[in-house]
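Structure first, then comments.
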Amino acid sequence: MEIDQLLVIGFIALFAAASGYFQLLKPSGAVAAFLTGMSIWAGFGLKGLFLMGVFFLTSSFLSRYKSKMKEHLGELHEKGAARDWAQVAANGGTAAIAGLAHFISPDPVWIIVLAISIASANADTWASELGVLSRQQPVSIKSFKRVPRGTSGAISGLGTAASAAGSLLIALIGGYLFGEGVGWILSVFLFGVTGALLDTLFGAIFREDLNAYAAIFLLKN
């Protein structure tokens, strides 16, 4: 193994360890982040690592932005706390799989899969962390009624704008890094926003169903 490869591996390990030390990630999250980083680097090199780094750093910053104002919202506070392995996998799992797939069998399709997965994760995180600060109560994407801030499956004007901005940032940087054109950038942007919206919709549907089942269980017991 060459010196430059060892340096990259050391950097990924140091970055994951530092994220755990500064409580951006839980120990299990730090391990998952190291494995995710290795997979992305294997498939896409430093360009892929940089793109994932943009997501991680901006989402970590936004999770601490006006954190005191968010603490009373239980769900958002959970998202803003240190991430565990499951949350790292949810945000970076698809990118890691794309990296391994591109390493085994290089194909341009895996590059766009990488970019869309990170754009979607960035869009969802920006929407969650900034949307809760909206002055207006969000609207449930399922019932179209106003619901309390921080409710899963709800959207607001600020959150939607933040989602679009988060996806666009990744699309632009990805397009620049991989030398892609306007059509590629637009596709990543649109699919990134769509992915975040679908995540919100699923949150609205399944969270309500889980709450209903939990209530029935408690009443029976």
Side-chain angles (χ1 to χ4, degrees), residues 12-41 48-67 70-100 113-133 141 149-155 159 162-163 165-167 169-170 191-211 214:
I12 296 172
L14 181 62
F15 189 88
S19 299
Y21 178 80
F22 290 107
Q23 298 183 343
L24 300 176
L25 297 172
K26 295 179 180 179
S28 66
V31 173
F34 173 75
L35 295 176
T36 299
M38 289 293 294
S39 299
I40 293 174
W41 172 59
L49 279 181
F50 184 84
L51 196 62
M52 177 57 78
V54 171
F55 158 69
F56 181 78
L57 292 176
T58 58
S59 62
S60 296
F61 170 77
L62 289 180
S63 71
R64 282 154 176 73
Y65 177 67
K66 294 188 177 181
S67 58
K70 303 173 184 177
E71 287 181 353
H72 66 286
L73 296 170
E75 178 189 350
L76 190 67
H77 178 62
E78 180 183 349
K79 289 184 178 181
R83 271 75 168 176
D84 59 16
W85 71 269
Q87 291 166 308
V88 172
N91 288 320
T94 301
I97 292 172
L100 292 176
V113 169
L114 169 80
I116 289 174
S117 66
I118 298 177
S120 179
N122 210 44
D124 182 62
T125 301
W126 283 34
S128 298
E129 299 294 351
L130 294 178
V132 72
L133 300 176
I141 201 171
R149 294 180 181 85
T151 300
S152 180
I155 59 174
S163 176
S167 182
L169 177 66
I170 297 299
F191 278 107
V193 173
T194 301
L197 286 174
L198 288 175
D199 182 76
T200 301
L201 179 60
F202 291 153
I205 295 173
F206 293 115
R207 177 58 62 89
E208 290 182 12
D209 289 342
L210 288 174
N211 287 342

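- Rounding to the nearest 0.5 Å gives a distance of 10.5 Å between CG of Leu62 and OG of Ser128.
- The shortest heavy-atom contact between Gly37 and Leu49 is O-CD2, 3.4 Å.
- From Phe15, atom CZ reaches atom CG of Leu57 across 4.5 Å, with rounding to the nearest 0.5 Å.
- Put simply, CZ on Phe55 and OG on Ser60 are 8.0 Å apart, with the number rounded to the nearest 0.5 Å.
- In this structure, Ile118 and Ala95 approach most closely via the heavy-atom pair CG1-CB, 4.3 Å.
- Taking all atoms of both residues into account, the shortest heavy-atom contact from Leu51 to Ala115 is CD2-CA, 4.2 Å.
- Here the side chains of Thr58 and Trp126 are in contact, with some heavy-atom distance below 4.5 Å.
- Taking all atoms of both residues into account, the shortest heavy-atom contact from Ser167 to Gly192 is OG-CA, 3.5 Å.
- Within a 6.0 Å radius of CZ in Phe34, other residues, nucleotides and ligands contribute more than 12 heavy atoms.
- Annotation: the span from Thr36 atom OG1 to Ile12 atom CD1 amounts to 10.0 Å, rounded to 0.5 Å.
- Within the 4.5 Å cutoff, no side-chain heavy atoms of Phe56 are placed close to those of Asn91.
- A donor-acceptor contact shorter than 3.5 Å is absent between the side chain of Ser163 and the backbone of Gly159.
- The minimum heavy-atom distance linking Ala196 with Ser120 is given by the pair N-OG, 3.5 Å.
- A donor-acceptor pair under 3.5 Å is absent between the side-chain atoms of Asp84 and the main chain of Ser28, judged by distance alone.
- Note that the CD1 atom of Ile97 and the CG atom of Leu114 stand 12.0 Å from one another [nearest 0.5 Å].
- A pairwise comparison of heavy atoms in Leu25 and Ala33 identifies CD1-CB, 3.7 Å as the closest pair.
- From Leu35, atom CG reaches atom CD1 of Ile40 across 11.0 Å, with rounding to the nearest 0.5 Å.
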